Amino acid sequence: MARKLEASDAPMPSSRAELLYNMRVAADECAWAKLIDLVSRRDYSSQEAAERLVREGYSSACAQRVVKRAVSSRIVNDARFAEYFIRAKVAAGWGPMRIERELSRRGVSAQDVAGWPEEFFGDEGPEQRARELLECKAVPSVNAYPKLVRFLVSRGYPISVAKAAVSERLADEGQE
């Protein structure tokens, strides 16, 4: 920010208020450039973008102003972020509960996303996805049932779905 103020063609401020105003404008410009740099790599939710700017050293008020400007110009869009995030995590094998938890941590409600969860999990639903996930996992020789249930629950599947999928997998393997 100091370089920004130093490189400015504007005359030296004549009052404290003018200096503070110039500093605010410079901070906003620097925060805007940082935000553009961040979103050029991946999408961010508005809350996540503001938190990142604060972590970079900008004031909370500055971060909120810049994020508000980015939202109004559609550079930051919570709905777009949520849809991309959900699709990526479903492809990674995450369950609906974990996706909802992670989205809420980022300031977005999964319920606000059009088509959640039916459109994202397709016709197979979480039960089938849990079974597919277990097919790729080796069955442990000791304590297989609790280990596999914990695995699915940690991925965000409801406990009832996890228990049913693990019971089915162990029955197929001849264990129980």
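The first residue in the sequence is number 1, and the count goes up from there. Owing to the predicted nature of the structure, the values given are computational and were not obtained by experimental measurement.
In this structure, R87 and E119 have side chains that are in contact, with non-hydrogen atoms separated by less than 4.5 Å. The closest side-chain heavy-atom distance from V67 to Y44 is not below 4.5 Å. In this structure, V90 and F85 have side chains that are not in contact, with every pair of non-hydrogen atoms separated by 4.5 Å or more. For the pair C62/R24, no side-chain contact is recorded, criterion being any heavy-atom separation below 4.5 Å from C-beta on. Taking 4.5 Å as the limit, some side-chain heavy atom of Y58 sits within range of a side-chain heavy atom of C30.
Counting only N and O atoms by type, the side chains of E100 and W116 include a donor and acceptor under 3.5 Å apart.
Heavy atoms from other residues, nucleotides or ligands lying under 6.0 Å from NZ of K147 number more than 12. Environment of CZ in R74: sparse, with no more than 12 heavy atoms of neighbouring residues, nucleotides or ligands closer than 6.0 Å.
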Audit row: W94, E102, side chain to side chain contact (heavy atoms under 4.5 Å, CB included) steps and yes/no: CA-CA 11 Å; W94 285 20; E102 289 299 318; 3.5 Å; yes
Verdict with reasoning, F120 to I99, per side chain to side chain contact (heavy atoms under 4.5 Å, CB included): CA-CA 11 Å; F120 297 95; I99 291 172; over 6 Å; no
Apply the test side chain to side chain contact (heavy atoms under 4.5 Å, CB included) to residues R169 and E173: give CA-CA distance (whole Å), side-chain angles for both, the deciding distance (0.1 Å), then the verdict. CA-CA 6 Å; R169 170 71 193 274; E173 294 283 324; 3.4 Å; yes
Full working for side chain to side chain contact (heavy atoms under 4.5 Å, CB included) between Y157 and M97: CA-CA 6 Å; Y157 291 91; M97 291 171 58; over 6 Å; no
Run the numbers on K163 and E168 for salt bridge (Lys or Arg N to Asp or Glu O under 4.0 Å), then give the verdict. CA-CA 9 Å; K163 286 180 174 181; E168 184 178 316; over 6 Å; no
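A single hydrophobic cluster is seen to contain both V66 and I36, as judged by linkage of ILVMFWY side chains at heavy-atom distances under 4.5 Å, directly or through other members. Residues V71 and V39 share a hydrophobic cluster, clusters being chains of Ile/Leu/Val/Met/Phe/Trp/Tyr side chains in contact below 4.5 Å. By the rule that hydrophobic residues join a cluster once side-chain heavy atoms approach within less than 4.5 Å of another member, Y21 and M23 end up as members of separate clusters.
Minimum interatomic distance between A63 and V54 (heavy atoms only, all atoms of both residues): CB-CG2, 3.9 Å. Considering all non-hydrogen atoms of both residues, V108 and S45 come closest at CG2-CB, 3.8 Å. The two residues R106 and Q47 make their nearest non-hydrogen contact at O-CB, 3.6 Å. Minimum heavy-atom separation, S167 to Y145: OG-CE1, 3.6 Å. For the pair L35 and A49, the tightest heavy-atom approach, listed with the atom from each and the gap, is CD1-CB, 3.7 Å. Annotation for L152 and A130: closest pair CD2-O, 4.0 Å, computed over non-hydrogen atoms.
Atoms CG and CG, from L148 and L170 in turn, are 6.0 Å apart once rounded to the nearest 0.5 Å. Within the model, atoms CG of L133 and CD of Q128 stand 11.5 Å from one another, a figure rounded to the nearest 0.5 Å. Taken to the nearest 0.5 Å, the CZ atom of R155 stands 10.5 Å off from the CZ atom of R129. Between the OG atom in S46 and the NZ atom in K68 there is a gap of 12.5 Å [rounded to 0.5 Å].
A salt bridge is defined here as a Lys NZ or Arg NE, NH1 or NH2 lying under 4.0 Å from an Asp or Glu carboxylate O, and K34 with E29 fails to meet this definition. Salt bridge status for E56 with R52: present, with a side-chain N to carboxylate O gap under 4.0 Å.
Cation-pi check for R80 over Y84 is not met; the charged atom does not lie both under 6.0 angstrom from the ring centroid and within 45 degrees of its normal.
R131 contributes no side-chain N or O that, together with a main-chain N or O of A164, makes up a donor-acceptor pair within less than 3.5 Å. In terms of modelled atom types and a separation under 3.5 Å, the side chain of D43 and the main chain of N77 share no donor-acceptor contact.
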